[in-house]
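So the structure is just underneath, and the comments pick up after that.
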Amino acid sequence: MKNKKVAEMLDQIADLLEFHGQVVFKINAYRKASRVISEMTEDLEQVWKQGRLAEIPGVGKGLQAHIDEFFKTGDIRQRQELLDQSPRELFDLLAVQNFGPKTAALAFRELGVQSLADLQQVIDDGRLAELPGMGEKRVANIRKGLQTLQTAGERVSIGVATPLCQTVMDYLREQSEAQLGRLSPAGSLRRGKESVHDIDLVAETENGANLIQRFVSMPGVTRILGAGDTKGSILFNDRIQIDLRAVPPSSYGAALQYFTGSKEHNVRLREIARAAGYKINEYGIFQAEKNVGGRREEEIYEALGMSWIPPELREDRGEIESALQGKLPELITFEDMKAELHVHSAYSDGQLTLEEMARHVADMGYDYMSFCDHSQSARYANGMEIPRLKEQMDAIRRLNKKMAPFTVLCGVEVDIRADGSLDYSDEVLAELDFVVASIHSAFKTDPTERTIQAMRNPYVDVIGHPTGRLISRREGFAIDLNRILQVGAETGTALEINSYWDRLDLGDINARAAVQAGVKLSINTDAHSPEHLAMVHFGIATARRGWVRKEDVINCLPLSRFKKWQKRSRL
DNA sequence: GCCGTTTTCGGCCCGACTGTTTTCAGTCG
């Protein structure tokens, strides 16, 4: 799949055009096409071969020509030409906060700034400050931007951002009890994205200036990026930016809508509003000068003739059209979940005994669960030889007597070996209640074929973490998802949404493709200790971002129906 | 560069904050 490569090139052209002062509308056209292509699950090269590029939203004649050129020659000439007239490290330079395309162009033209090192040099020797429109403070801000390029530029996992956001919200509540009304996360965190660039908060208050002051002076603030009457922005522990927007009650809904984004969703929404004679901003929705809503977020959507759109869907991936037609999916919620199906115990590499762990799972409110400890060849994870597996099966039978009506299934996470065979024989698998098959080794050896082979096994219920990605460490293995989805639809094998924050695998876009292909999903935490169990909320957020309904998820089946769903019951 | 139940040309979301200004451009979200 060259989708990512093409998207990256189009994005680079957007950066280059911006640097060269092109009109923003052209730049935005490139960025939009880049985003749409990066979110496609279909192989762009196939679409190109079939002459269907024009079907891609945002891709017109000009961009079709670029894409065509890329697949024929491996590059886009315009990109090369622009690169030749630009600083060597343009993309790095543009990543510096407070150093935008206009300033970069000025520094390049007047001082020959080509690289981050050049930029540091002209800051230090004072030449940058002498340019027109520059001054001491602007240069100081650019210097800070350069310093934090490494730390502050990286995305932070939802697993890190969520508790931090809660801490900040608790602090604001404590400090400002009397004058603080509604308070909510916004931005990509509220949309449930797997990683976030910053944390956004919206607060309801009549005294914004005061709240902003408390916010920017809270412990952990290592830099104040801005502090006005309605908006404060800080760097927390030199690592993550947190923005707080403070608005009066009459604007809270509008501000929450605006600040939740995504940017692309808001742009589409405002286009529709404008066409219908409305104007939306963070203070409300207006018809002529008349405020027709803004206290609650729902009012914005209702004024435009659509139902309220769950934040997880707000990515301009068709949710606005669906909302206008009243056809939004009813997304899965945690309350729909009847079971946790992938939990480890001390029989392999989990922390707790079966009973300890099972009690924690039951406390989550589920009706049943499945232990899925590792199979024999997973040496690194204390995988179970067959005698120990049998021992575990007996122990689980005894446990069920103690814990009824809560039901504990005896499952396994069986390794898919390098040759595509499974790590236990069919005879052994047949004795188990539930089987997750996962690739844990030989990532580069034909992962698609091995996965497909596992799916064809009658005892395999679920493919665990199907792409093998680790968000902070590695790309997934190169699987052909469309083929896997085809086979999944044939065999009835489900794919996992592994909720562990560093996996979230399948991700939102792939999960959506699975549902569209008619493949069931299984949302699990892969918990190795009790505190992991709460990560199910990240998995559910990811599923919701993938337009997943409870009907699509086997964990939402009552136990009796779950058993009927399994392939073995149809053998 | 894209796109059309108001358009095949003329639009394209909207505002806060900052720093440099002398009325506003640049950056950011």
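Keep in mind that this is a model prediction, so the values were computed, not measured. So that the names make sense, note that chain A is the first sequence line, chain B the second, and so on, each numbered from 1.
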(message) Among residues at least two apart in sequence or on other chains, which ones pass side-chain contact (heavy atoms from CB on, under 4.5 Å) with A:E297?
(response)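 A:R190, A:L256, A:Q257, A:T260, A:Y301, A:W308, A:R314.
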(request) Only counting residues at least two apart or in another chain, list the ones meeting side-chain contact (heavy atoms from CB on, under 4.5 Å) with A:E18. (result)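 Only A:D15, A:I27, A:R31, A:P101 meet the side-chain contact (heavy atoms from CB on, under 4.5 Å) criterion with A:E18.
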(message) The criterion is ring pair (Phe, Tyr, Trp, His ring centres under 6.0 Å); which residues satisfy it with A:H20, sequence neighbours excluded?
(response)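 With neighbours one apart ignored, the set is empty.
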(request) Please name all residues satisfying ring pair (Phe, Tyr, Trp, His ring centres under 6.0 Å) with A:F286, sequence neighbours left out, ordered by chain then number. (result)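 For A:F286, no residue satisfies ring pair (Phe, Tyr, Trp, His ring centres under 6.0 Å) once neighbours in sequence are set aside.
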Given atom [atom1] of [X] and atom [atom2] of [N], what is their separation to the nearest angstrom?
| X | N | atom1 | atom2 | answer |
| --- | --- | --- | --- | --- |
| A:I142 | B:dG26 | CD1 | C1' | 10 Å |
| A:D316 | B:dC3 | CG | P | 12 Å |
| A:D15 | B:dG1 | CG | P | 16 Å |

(message) For a quick check under 3.5 Å, do A:H265 and A:E315 share a side-chain donor-acceptor pair by atom type?
(response)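 No, A:E315 and A:H265 have no side-chain donor paired with an acceptor closer than 3.5 Å.
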(message) Whether the A:D336 and A:T333 side chains hold a donor-acceptor pair (N or O, under 3.5 Å, no angle test) is what I'd like checked.
(response)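 A:T333 and A:D336 do have a side-chain donor-acceptor pair below 3.5 Å.
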(request) Searching all strands shown, indicate the nucleotide that pairs with B:dG19 (Watson-Crick or G-U wobble; both distances under 3.5 Å). (result)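 Matched B:dG19 with B:dC24 under the 3.5 Å cut-off.
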(message) At a heavy-atom distance below 4.0 Å, what parts of residues 49-68 of chain A sit against DNA chain B?
(response)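 DNA chain B contact set from residues 49-68 of chain A: A:P57, A:G58, A:V59, A:G60, A:K61, A:G62, A:L63.
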(message) For nucleotides 10-20 of chain B, give me one character per nucleotide, 5' to 3': B if any protein heavy atom sits under 4.0 Å from the base, S if the only such contacts are to the sugar-phosphate, - if neither.
(response) --BBBSSSSSS
(request) Under 4.0 Å between any heavy atoms, over every strand shown, what does A:S233 touch: base, sugar-phosphate, or nothing? Just pick one. (result)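 A:S233: no heavy atom of the nucleic acid under 4.0 Å.
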